[in-house]
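Encoded as structure tokens, the structure appears first; notes follow it.
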Protein chains: 2
Amino acid sequence: MENSLTQTLQALADPTRRKILQMLGERNLSAGDIGAAFDMKAPSISHHLTVLKNAGLVLAERQGQNIVYSLNTTVMQEFMQEMRQLFRVGENGNA
Amino acid sequence: MENSLTQTLQALADPTRRKILQMLGERNLSAGDIGAAFDMKAPSISHHLTVLKNAGLVLAERQGQNIVYSLNTTVMQEFMQEMRQLFRVGENGNA
DNA sequence: TAGATATTTAGCCAATCATCTAAATACAAA
DNA sequence: TTTGTATTTAGATGATTGGCTAAATATCTA
């Protein structure tokens, strides 16, 4: 769970992973729930979840037989802040 | 110059390309000026510029012997808007 | 404990990516 | 028009990625 800007952007640069984030924005979901929404085998979904987890964008918690994923909104906010800085162009009087 | 969200995020998911954007935030620069800031051969820089151009993040204009690159701030704004939407989580009464 | 379900880990493979060298193109200047 | 400078295009190569199958791990239930 390193969490560099590059890692976050790489994680976001995949439509499957962005859709997962959107789904988790509605409610927390198990890996199985998430997988059911995609035409993809379970290990592939698991891989995407690992990428999101390593980027710090989601949190995972085991609940019995399931592992339930949720958004890490803190990290998402921090990421948006970094992007604003990157795009805050040539303001030579900035903070 | 297709310009999907995936393409934009892929373009941003590389430190060299983000540094180029930052440099262009200060002032417009030729390919050579940009290349001088990196320990990388000219064709590699040219490749990164092409990626940024295809993502719509920068504009290119020939000026005599040089090709001068500049930010496409419109596309950058649109991208930030899309990111805000992606991260505007579970607001079931949103616009 | 044995079997079923949920998920991950390991390892393979094709496609994409970032870099390089060599060559081509575009323009300027002598 | 020849030479030099700036930049891109073409093509090769090693690394990374995203998908798969098979197998391992964890938990629940009979």
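Letters A, B, ... mirror the listed sequences (proteins, then strands); counts begin at 1. The model shown is predicted, which means the values in this text are computed figures rather than measured ones.
In this structure, the nucleotide among C:dT19, D:dT21, D:dA6 sitting nearest to the side chain of B:T16 is C:dT19. Comparing C:dT19, D:dG18, D:dT21 by their nearest atom to the side chain of A:K41 picks out D:dT21. With D:dT7, C:dC20, D:dT17 as the candidates, the nucleotide lying closest to the side chain of B:I67 is D:dT7. Here the side chain of A:M40 is nearest to one of C:dC17, C:dT7, D:dG19, namely D:dG19.
Not one side-chain nitrogen or oxygen of B:N66 sits closer than 4.0 Å to the OP1 or OP2 atom of C:dC27. Checking the phosphate oxygens (OP1, OP2) of D:dT7, a side-chain nitrogen or oxygen of B:S30 falls inside 4.0 Å.
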With the sugar-phosphate defined as primed atoms, P, OP1 and OP2, and the base as all remaining atoms, what B/S/- string results for nucleotides 22-30 of chain D, 5' to 3', for protein heavy atoms under 4.0 Å?
B---SBS--
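Nearest-nucleotide positions on DNA chain D place A:Q10 closer to the 5' end than the other of A:S44 and A:Q10.
The distance from atom CG of A:L24 to atom CG of A:D33, rounded to the nearest 0.5 Å, is 10.0 Å. To the nearest 0.5 Å, atom CZ of residue A:F87 and atom OG1 of residue B:T73 are 10.5 Å apart. To the nearest 0.5 Å, the span separating CG on B:L5 from CD on B:Q10 amounts to 10.0 Å. Taking NE2 of B:H47 as the start and CG of B:L52 as the end, the distance is 9.5 Å to the nearest 0.5 Å.
Residue contacts for A:A42: at a heavy-atom cut-off of 4.0 Å it reaches a base atom on one of the strands shown. A:Y69 comes within 4.0 angstrom of sugar-phosphate atoms only, judged by non-hydrogen atoms across all strands, and of no base.
Between the side chains of A:R88 and A:Q85, no donor-acceptor pair is found at a separation under 3.5 Å.
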